[in-house]
Amino acid sequence: MSGRRVFRYVPYTIVQDPSALPEYEARCVSGEEADCGAGSGVRSAPAEVEEWQRRHTQETRHLRYRRCFADYAVLERKG
C-alpha cells in the first residue's frame with residue numbers, strides 16, 4: 001500500500017539575510033585583444049567599488065567594467 005502525503009501551502013517571503021553583509025565587486029573588461037582583468041576585490045559598499053573604478057580609469061584610461069553583487073537570502077514564513 002502506497003502512502004499518501006498531503007502538503008499544506010505555507011507562504012514565505014524571500015528577504016536579504018541581515019546577519020550577512022552584501023558584497024560588491026568590479027573587474028575591468030577593457031582591452032583590444034584581451035580583458036585587462038584588474039579587479040577591485042570584494043568590498044562592502046558600492047561606493048568603494050566605484051571609487052576603485054574611477055582610480056583605475058585615471059591610471060589606465062580603461063572605461064568598461066563588469067560589476068557583481070552578491071548577498072545571502074533567507075525564506076521567512078509569512079504571518
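All residue numbers refer to positions in the sequence shown, counting from 1.
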Going from CZ on R66 to CD on E25, what distance comes out if it is rounded to the nearest 0.5 angstrom? 9.5 Å
Rounded to the nearest 0.5 Å, how far apart are CD of E76 and CD1 of I14? 11.0 Å
Taking atom CZ of R54 as the centre, does the number of heavy atoms from other residues, nucleotides or ligands within less than 6.0 Å exceed 12?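 Atom CZ in R54 is packed in, count exceeds 12.
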Assess whether atom OH of Y12 is packed by more than 12 heavy atoms of other residues, nucleotides or ligands within 6.0 Å. yes
What heavy-atom pair brings H56 and Y65 nearest, and what distance separates the two atoms?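 Closest pair (atom of H56, atom of Y65, distance): CD2-OH, 3.2 Å.
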Which atom names give the shortest non-hydrogen contact between Q58 and R61, and what distance separates them? O-NH1, 3.8 Å
Partner residues of R55 under the salt bridge (charged side-chain N to carboxylate O under 4.0 Å, His left out) criterion, sequence neighbours left out: E51
What residues form a side chain to side chain contact (heavy atoms under 4.5 Å, CB included) with P22, not counting sequence neighbours? Q16, Y24, F69, D71
Using residues 29-44 as the side-chain source, report each donor-acceptor pair under 3.5 Å to any protein atom, sequence neighbours left out, with the distance given to one decimal.
unit_1 : atom_1 : unit_2 : atom_2 : d
S30    : OG     : L63    : N      : 3.1
S30    : OG     : R64    : N      : 2.9
S30    : OG     : R64    : O      : 3.4
S40    : OG     : A26    : N      : 2.9
S40    : OG     : A26    : O      : 3.4
R43    : NE     : S40    : O      : 2.9
R43    : NH2    : S40    : O      : 2.7
S44    : OG     : E48    : OE2    : 3.4

